[in-house]
2 protein chains.
Amino acid sequence: MIKAVSFDIWYTLLDLSKFYLIVSEKISEVSGKPLNVVSDLIFKAYREALKSRLEGNFKRIIVDSAEFFASRLGISPEELFRAVVASINDSRISEMLYDDVLETLETLKSSGFKLGLLGNVMFWPGMITRYILYVNKALKFFDVTIFSDEIGLQKPSREIFEYESSKLGVKLEEMVHVGDSVENDLAGAVIAGVKAVLINRSSQTPCLRLGRNACLINTLRKLPEAIEELNKT
Amino acid sequence: MIKAVSFDIWYTLLDLSKFYLIVSEKISEVSGKPLNVVSDLIFKAYREALKSRLEGNFKRIIVDSAEFFASRLGISPEELFRAVVASINDSRISEMLYDDVLETLETLKSSGFKLGLLGNVMFWPGMITRYILYVNKALKFFDVTIFSDEIGLQKPSREIFEYESSKLGVKLEEMVHVGDSVENDLAGAVIAGVKAVLINRSSQTPCLRLGRNACLINTLRKLPEAIEELNKT
């Protein structure tokens, strides 16, 4: 029986493309490079960084990825950090949540589930993401919030899921982890013995069982249904 | 660009339930237990064994799982081995392939893909499965056939996918692995940097992209289409 729901953050709760657009504007202002060039570079760097991290790079979690992004953007890591700080002071920071998030968190919370956040970080610390979630009125729903830079573990490692389950006080098989990444979220969870829900908002399929321990959904509104389905095993 | 296709075996190419039914008949004959009882026990033991193996048990690959199954079936490991040997001498052993297998292997081979087999084993050695594939006229399509008992590695470990890619002479990202298990096949592959296709013949969805590096299909006939889709990344 599932007792706790763990959430990935970017592209699951918060729209990373909206945040990267603000960051790109700030970098463009500082560096004088056109916004579309900066924006293309940052998304390209992100795709490459995801791959590189899976290959086991970025051991120094924040520093290595900041150097990676800064070098690809043609700026210094210091300029990159300044752009992030400028971004979280931008008023649009309160519009980062997908429209299916708050009502789903509300529903799960009132159904008695424990809720956890499990986020990998790139070039800004988890504390900044925690603040963005606070501004978006989503932080209060979570019993635990775990960021890779704060505990030195990253998804998809088995250990980070074990750590979360112990913090939530539930067994691994009593947890479901929800995220958009097949590698970090779905694969990491199921190998650790945690149930998994993959969210892909562009999928045609509202709710589909993928295997004994996994479902695919195209909106978080389907999450309670997916949890019911996974409880049937 | 995908250059090689790796296949899981049971429930992907060969119908394990058909084989377990024959094995159950042989065990029933030897032990005097009713067939339906033996058959229920063997499928239950299989589900439990999959879970236990994922938790890191069954380090002595064949011996530990043979003891596990034998104890749940109330027979000795020797009786279990004898039932397997009796089963591969049964004429129905040549009817284990799904009907979408041979034409798909033919198509992939003639399109120039290298083909690999990557199988975890339970209580019989990989050599027996290799023989079953031979009797079913499927073995000849494969450039390499890798079984966990022969190399001391098991899916979903990253190392077994690295081993296969080196044997096939392609890079990890030039490989796609096809299988029915979210844990062993999909998750193991994508974490290793290999593309993955999950086969679920009871799904309503013929071919669905699950993420950057994974697709879901409901028949192997859709595999060439899924490979084309994954090449688009």
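First the proteins, then the strands, lettered A, B, ... as listed; each starts at 1.
- When all heavy atoms of B:L198 and A:L210 are compared, the pair lying nearest together is CD2-O, 3.3 Å.
- Residues A:A214 and B:V182 share a closest heavy-atom pair of CB-CG1, 4.0 Å.
- Contacts of A:L50 with chain B are made by side-chain atoms alone, with heavy-atom separations under 4.5 Å and no backbone atom involved.
- The environment of B:E228 atom CD is sparse: at most 12 non-hydrogen atoms of other residues, nucleotides or ligands sit within 6.0 angstrom.
- If you measure heavy-atom distances from A:N213 to chain B, the contacts under 4.5 Å come from both the backbone and the side chain.
- Shown here for B:I191 and A:G188, the closest heavy-atom pair between the two residues is CD1-N, 4.0 Å.
- The number of heavy-atom neighbours closer than 6.0 Å to CD of A:E55, taken from other residues, nucleotides and ligands shown, is above 12.
- The candidate from B:N200, B:T205, B:N184, B:D180 with the greatest count of non-hydrogen atom pairs under 4.5 Å with chain A is B:T205.
- Within the 4.5 Å cutoff, the side chain of A:L186 has no heavy atoms near those of the B:V190 side chain.
- Closest of all the heavy-atom pairs between B:R212 and A:R47 is NH1-O, 4.5 Å.
- Side-chain contact between B:L208 and A:L216 is present, with at least one heavy-atom pair separated by less than 4.5 Å.
- For A:R209, the part lying under 4.5 angstrom from a heavy atom of chain B is the backbone only.
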